K.L.:
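Pasting a structure below so you can have a look.
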Amino acid sequence: MDYNFVEVEKKWQQWWKDTKIYQSQIKNDKPKFYVLDMFPYPSGAGLHVGHPLGYIASDIYARYKRQKGFNVLHPMGYDAFGLPAEQYAIQTGQHPAVTTARNVKRYREQLDKIGFAFDWDKEVRTCDPAYYKWTQWTFIQLFNHYYDTKEDKALPISNLIRHFEENGSADVHASQSDELHFTASEWKNKSEEEQQIILLNYRLAYIADTWVNWCPKLGTVLANDEVVNGLSVRGGFPVERKLMKQWILRVSAYAERLLRGLEALAWSDSLKEIQRNWIGRSEGAFIRFKINGFEETLDIFTTRPDTIFGVSFMVLCPEHPLIGKISTKEQEKAVNEYVTWARNRSETERQSEVRKVSGVFTGAYAVNPFNGEQIPIWVSEYVLAGYGTGGIMAVPAHDSRDYAFAKHFNLPIRQVIDGGDISEAAFESKDGTCINSEFISGMKVKEAGKLIIEKVKDMGIGYGTVNYRLRDAIFSRQRYWGEPFPVYYKNGLPYMIPESELPVLLPEIDQYKPTETGEPPLARAANWTYNGYPMEASTMPGFAGSSGYYLRYMDPHNDKEYFSKEANQYWQNVDLYVGGAEHATGHLIYSRFWNKFLFDIGLACKEEPFEKLINQGMIQGRSNFVYRVVGTNKFVSFGLKDNYEVMPIHVDVNLVKNDILDTDAFKNWQPDFANAEFILEDDKYVCGWEVEKMSKSKYNVQNPDDLVEKYGADTLRMYEMFLGPIELAKPWDTNGIEGVFRFIRKFWRLFHDNDNNFNVSDDEPTKDEYKILHRTIKKVEDDNERFSFNTAVSGFMICVNELNDAKCNKRQILEPLTVLLSAYAPHIAEELWHLLGHDSSVVDAQFPQFDESFLKESSYLYPISFNGKTRFQREFSLEMSVKDIETAILADEDTLKWMDGKPAKKVIIVPKKIVNIVI
RNA sequence: GCGGAUGUGGCGUAAUUGGUAGCCGCGCUAGACUUAGGAUCUAGUGGUGUAAGCCGUGGGGGUUCGAGUCCCCCCAUCCGCACCA
C-alpha cells in the first residue's frame, strides 16, 4: 500500500543493465565531462563502508552533468594487485587471481545494489594482462627516457647517447644520480656494459643499490608513504633499513613541475599543502669544501650560505662513501663501530629516539673556503643519506640540531647573525644582520647569502641551487601478486623485452612465498628466462597499476595502444576526481608524475590528470556502550551510570536504535548476557556512544548492504549525503536515516492517492507552486555546482513539505522535480518518470530550466541606522533603484520624526540591498 | 617543534558569503487517530523569564551602523610532516 522500494529498485537496476543506459561513447558534437572515483582494492571483507560516500557524491554529480547536456564518462574498475590477496594465498595456497575474482564479484554486487551510473563496459582491472601490458609498456618508456633539465621534459635516451658521442659528459643537462665526467672519446672507448651502467645514471627508470625500507615480515621493500612510524602501513610490521638493488623511478626529476602544477588545480588547500611539504622545495647553495690531505671534496647543501663564517664542524651521514677514506688511523675503530651501529638500526629505533645526540669524529678536517679555517669532520645519524649530498656544514649558533650536537660534544658555537641570544638555544631567524663574518658583516641575511653564492661560483666551488625532499620512488617489490617487469639480465645488466612481446605474463608458481635463499617468489617459476637470460624476479608496486588507470578508461579495449589519440583528445583528463585524502603523498603524486611523463612523450594531451579533486571525509565508526555494574550482571542505563561503579562494554550497534538498546536482542547476543538485568531510565536502556575507528572488535561496523535491504538504495544514498559536508570526517551514524526514509515515501505519496493509485493533475500550477519548484531548482543547481549535497537534500525536503502542505499534485511541478531528484534517488525517480508517461530513462531528461521570474521577491527589509545604531527596518520594493529608496527615506516624515526631530543628513548605500541613514 | 584545518542547541548540521543566528533532519514534549505503536498526522522545542525583555555561535580584545562570518591574542580538538641542513 506504500512505496515498495524493494520491487522498484530491483526492476530498474535490471532495466538499466539490459538497456546499457550508462554506456558512454565519444560524441564530438557534445562537451565531455569525466567523473572518476578512486577505484577500490577488492578486499575479502567486501565493500568498505567508507567507499559509498565518495561514490554516491560522484554519481550524483555525474548524473547532474549528464542532465545538463554533457557527455559524461563515469567508469569504475579495480585496483586488483595487492598484498592481502597474496598473504591469503601464502596461507591457503589459493591463487590470488581466484580470490581476487571472487572479491571483485562481491564488490560488483554491492555496487549494483546502490544504483550507480557506472559505465561497466569500460571496467579495468590492474591484474588483467590486457591492462598491465600498458603498465609494462610505460615502464619501458621510462627506461628509455631521461629528464632534460634545460628543455624541462623527458627526452629519449638516444638523444643523450648522441650527446655523449659528440661531447662526452660536458654540457649535459640531465637529472642524474651522480655527477659523472668523461669525454666523447672516453665514452666511445667504453664497453657496452660500461656504457649501460653510465646510462642508468640518467634513465627515468633505473636500477641501483639503494637504502630501502625493508619489511622482513612482509618479505618486501616499501615506499616511504607505505611506512608510518617505522611500521608498515599494511600489517603494521617493523621496517628495517637495508642496502638492496632496486628498480627506481626518477620522480625527483619532476619535483619542480609537480610543485608548480599544483597552483592551477582545484584541489583543497590542505591537500595541496601536504603535497608541497612532501615535495619540500628549499633554495640554497651547493658548496664544495676541500678536505685536508685528500683529493676528494666534501660537498654540502645549505639553505644558509650567509652563515658560512659560523661553521665550526662538518657532519656526514653514516652511509657517506667518504667516511672510509678520510678517517684517521686513531679514529678508524670508533668510526667503524659507530657507522655499523647506526646503519643497523631499524627505522623504529631511529624514530623512537628522535633528537638523541650521537656521533663520532673522523679525525679529518675540511677547510673553510673563505678563511682557510680547519673544520673537524664528524659522522652522525642526524644527517640523512637521502637528502642533499648526505653531508652538511654545521652552524651551531643558528641551527638547533647543530646546536644540540655542539653542546653534546663541546664544539665551538660562534654567533654570526646579530639579534639573538645563543647561550641557551640556536638563533634561527633569517631576519638578522651578519656579524663576525669578514666581508659580509653588516649585510642582511638575504643579501649576504646571495653574495656568498656569487663568490663560490666565481671560485668554482659551488652554485646556488634548489633541493627537494621528494625522493625517487623505489619500484621493486619482492612479491608475487603484481606486474612482472619486462626485464631480463645479460651480464648482470638489465635489458627491456621488445614491446611487441608484451605483455610479460605473470608465471604460475607452486608456492607464493619467497625462496629459501630469500629471492622473490617469481624465482620459483620454471623457465623464468628470456632467450636463456634470467628475468627480473621482483614485481611492480601497488602504485604502478593505479598511476595511469584513468587514461585507460578512455579506451579500455584497445590492444594496439595504451589508448587512442582520438579518445584522449576527446576525454582529455579527469574533470572531477573523488577519493580519500590518505593518497595525498602516494597515488596522487605518482599519478601526476606518470601523467606528466606521458604528456612529455606526446601520449597524454593534458599535463595534469585530475583538474578538480574532492576528498570525501574519512568515515569513522560510532560505537555504542552498555555499562556493567562491576562484579554483577546488571547493566545501568547511560544517564544513571554515575551512581554506580561501572565498566563500559562495547555493544553491537545493530542491537541499538537511536541509542536505545534492544534488551531482548542483547540477552540473545552473547551467552554471558543471557541473564542480564537492566537498570532503566524512563523504561529504556540508553547506551553511551563514542566516535572511534571502525572495527570488528568494537562492534561498530555498518554494512551498506543491510541498510539497502532495510531502507532501500535511494534512502541510503540521500542519507549519506545528508550526513554533512562531503569533505568532512564524520562518524557513520544511522540515527536519523528514518527522516530521509520518510521523505522518500512522502515524495511518492505526492503522486499517489490514498489507495496508492498513481494520480497527478494536469491543472496549471499556481504562482506559489511554481515558486516552490523554481526555488528548489535554483537551490539544487547551486548546491550541486558547489558539491554541497547535504544542503541540496535539505532543499528537497523543504520542497516536498511545502508541496505536501499545498496538496499539490500538478504534473508541471512534479515532473521537473522528479528530474531534479533523479541524481540523488535514481530508482524512485525512474519509476515515477515512467508513471508520468515517459519511455526513456530519466537520466537523459533535461535538467529543468530555472526561471527567475517566479522567485522575484516584491520587497526587502532595509536596516536603517541613526547615531551609530541600527534602529529599525523598512520595507522597500526590490524594483526600486537606490536613488528612489534614498528619496523615499528622506521624504518619509515618520522616519525622520523617529530621530528626536533631527533631520537625516545623509543616506549611505552599502553594497547589496543595504541602506543606512547616518546623521 | 613546523604546517593545515575545525570549534554554532541534547545530536548531525544551515545561514543568500558582512545584514532578523539556529534552515533541514534526528531526538525530545504534548495532542489526534489507533487493539497496539518503534506507523501516520498536528503543535512545540537555544538559554532565562509569567511576560515585555534580556543573554547567546570555544574564550578575550578590535574594525563596523551592523560580526557565526573580517583582523589580533589565547584555549581545545582533528589531520599531515617530523632530525629535510
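Throughout, protein chains are lettered first and strands after them, A, B, ... in sequence-line order, and every chain is numbered starting at 1. All figures in this text were calculated on a predicted structure; none of them were measured in a lab.
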K.L.:
A:Glu381 has a side chain; which of B:U17, B:A85, B:C83 sits nearest to it?
P.N.:
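Side chain of A:Glu381 sits closest to B:C83.
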K.L.:
Using whole Å, what does the distance between atom P of nucleotide B:C24 and atom NZ of A:Lys746 come to?
P.N.:
11 Å
K.L.:
So, is A:Arg745 near the phosphate of B:A39, with a side-chain N or O under 4.0 Å from OP1 or OP2?
P.N.:
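For B:A39, OP1/OP2 do not have a side-chain N/O of A:Arg745 under 4.0 Å.
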K.L.:
Is B:G9 syn or is it anti, if syn means the base angle is within 90 degrees of 0?
P.N.:
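With its glycosidic angle within 90° of zero, B:G9 counts as syn.
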K.L.:
If you check every side-chain atom of A:Leu384, which of B:G12, B:C83, B:G25 has the closest atom?
P.N.:
B:C83
K.L.:
How many whole angstroms separate atom CG of A:Leu803 from atom C1' of B:C24?
P.N.:
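Answer to the nearest Å: 15 Å.
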K.L.:
Using the C1' atom as the point on both nucleotides, what is the distance between B:A76 and B:U8, in whole Å?
P.N.:
15 Å
K.L.:
Whether A:Arg745 engages the ring of A:Phe741 as a cation-pi pair (distance to the six-membered ring centre under 6.0 angstrom, angle to the ring normal within 45°) should be assessed.
P.N.:
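Satisfied, under 6.0 Å and within 45°.
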K.L.:
Between P on B:U17 and NZ on A:Lys779, what's the gap in Å once rounded to a whole number?
P.N.:
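After rounding, the gap between these two atoms is 13 Å.
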K.L.:
Would you say the ring centroid of A:Phe313 lies under 6.0 angstrom from that of A:Phe405?
P.N.:
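Yes, the ring centres sit under 6.0 Å apart.
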K.L.:
Which residue lies toward the 5' end of RNA chain B, A:Asp269 or A:Asp662, if each is placed at its nearest nucleotide?
P.N.:
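So the residue in question is A:Asp269.
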K.L.:
Looking only at the side chain of A:Ser270 (C-beta and beyond, no hydrogens), which of the listed nucleotides B:G80, B:G4, B:G25 gets closest?
P.N.:
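So the nucleotide nearest the side chain must be B:G4.
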K.L.:
Please state whether the rings of A:His752 and A:Trp748 are parallel, tilted or perpendicular, taking 30° and 60° as the class boundaries.
P.N.:
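A:His752 vs A:Trp748 ring planes: parallel.
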K.L.:
Considering only the P atoms, how many Å lie between B:U48 and B:G66, rounded to the nearest integer?
P.N.:
30 Å
K.L.:
Expressed in whole Å, how much space separates the C1' atoms belonging to B:A39 and B:G46?
P.N.:
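These two C1' atoms come out 31 Å apart once rounded.
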K.L.:
Going by the angle between their ring planes, with limits at 30° and 60°, are A:His774 and A:Phe854 parallel, tilted or perpendicular?
P.N.:
parallel
K.L.:
Does the structure place the NZ or CZ of A:Arg471 under 6.0 Å from the centre of the six-membered ring of A:Trp211, at an angle of no more than 45° from the ring's axis?
P.N.:
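No; the conditions do not both hold, so A:Arg471 does not lie above the ring face of A:Trp211.
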K.L.:
Taking Watson-Crick (N1-N3 plus N6-O4 or O6-N4) and G-U wobble (N1-O2, O6-N3), each under 3.5 Å, can you produce the dot-bracket string of RNA chain B? Use [ ] for crossing pairs and | for inter-strand ones.
P.N.:
(((((((..(((......[....)))((((((.......))))))(((....)))..(((((..]....))))))))))))....
K.L.:
Would you say A:Arg742 places a side-chain N or O within less than 4.0 Å of OP1 or OP2 belonging to B:U40?
P.N.:
yes
K.L.:
Measure from the side-chain heavy atoms of A:Thr303 and tell me the nearest of B:G12, B:A14, B:A85.
P.N.:
B:A85
K.L.:
Are A:Phe747 and A:Phe751 close enough that their ring centres sit under 6.0 Å apart?
P.N.:
yes
K.L.:
Please pick, from B:A85, B:G4, B:C24, the nucleotide with the shortest atom-to-atom distance to any side-chain atom of A:Ile798.
P.N.:
B:C24
K.L.:
Please report the interatomic distance CZ(A:Phe301) to CE(A:Met393), rounded to the nearest 0.5 Å.
P.N.:
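Interatomic distance, A:Phe301 CZ to A:Met393 CE, rounded to 0.5 Å: 10.5 Å.
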K.L.:
Base, sugar-phosphate, or nothing for A:Leu728, non-hydrogen atoms under 4.0 angstrom?
P.N.:
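It contacts sugar-phosphate atoms only.
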K.L.:
Give me the distance, rounded to whole Å, that separates B:A21 from B:G9 when you measure between the C1' atoms they each carry.
P.N.:
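About 11 Å, rounded to a whole number of Å.
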K.L.:
Does the side chain of A:Tyr387 come under 3.5 Å of the side chain of A:Ser282 through a donor N or O and an acceptor N or O?
P.N.:
yes
K.L.:
So, A:Asp299 and A:Thr389: side-chain donor and acceptor under 3.5 Å apart, yes or no?
P.N.:
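No, no side-chain donor-acceptor pair sits under 3.5 Å.
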K.L.:
What is the distance from CG of A:Leu716 to P of B:G25, rounded to the nearest Å?
P.N.:
19 Å
K.L.:
Return the nearest nucleotide to the side chain of A:Glu273; candidates are B:A85, B:G4, B:A14.
P.N.:
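For the A:Glu273 side chain, the nearest candidate turns out to be B:G4.
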K.L.:
Glycosidic conformation of B:U17, syn or anti, with 90° from 0 as the boundary?
P.N.:
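For B:U17, whose glycosidic angle is within 90° of 0, the conformation is syn.
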K.L.:
Got a sec, which residues hit ring pair (Phe, Tyr, Trp, His ring centres under 6.0 Å) with A:Phe625, two or more places apart in sequence or on another chain?
P.N.:
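Applying ring pair (Phe, Tyr, Trp, His ring centres under 6.0 Å) to A:Phe625 gives A:His650.
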K.L.:
Tell me the interatomic distance from A:Phe286, atom CZ, to B:A85, atom P, rounded to whole angstroms.
P.N.:
16 Å
K.L.:
In whole Å, what separates the C1' atom of B:G7 from that of B:C74?
P.N.:
14 Å
K.L.:
Let me know, please, whether A:Tyr382 or A:Arg749 comes out on the 5' side of the other along RNA chain B by nearest nucleotide.
P.N.:
A:Arg749
K.L.:
Among B:C81, B:C24, B:U17, find the nucleotide with the atom closest to the side chain of A:Ser794.
P.N.:
B:C24
K.L.:
Quick one: A:Glu852 CD to B:U16 P, roughly how many Å, whole number?
P.N.:
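Distance, rounded to whole Å: 18 Å.
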K.L.:
Figure out the CZ/C1' separation between A:Phe722 and B:G27, and round it to whole Å.
P.N.:
13 Å
K.L.:
Measuring only the P atom in each nucleotide, how far is B:U6 from B:G10? A whole number of Å is fine.
P.N.:
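The same atom, P, in both gives a distance of 23 Å.
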K.L.:
Less than 4.0 angstrom between a side-chain N/O of A:Ser282 and OP1 or OP2 of B:A85, yes or no?
P.N.:
yes
K.L.:
Choose from B:U40, B:G3, B:A85 the nucleotide whose nearest atom is closest to any side-chain atom of A:Asn277.
P.N.:
B:G3
K.L.:
For the P atoms, the ones on B:G12 and on B:C78, what distance do you get once it is rounded to whole angstrom?
P.N.:
15 Å
K.L.:
Between B:U45 and B:G25, how many Å separate the two C1' atoms, rounded to a whole number?
P.N.:
14 Å
K.L.:
Quick one: which of B:G4, B:A14, B:U42 gets closest to the side chain of A:Pro725?
P.N.:
B:A14
K.L.:
Round to a whole Å and report the spacing from CZ of A:Phe741 to P of B:C26.
P.N.:
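A:Phe741 atom CZ is separated from B:C26 atom P by 13 Å.
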K.L.:
Please confirm whether the shortest side-chain N or O distance from A:Asn790 to OP1 or OP2 of B:A14 is below 4.0 Å.
P.N.:
yes
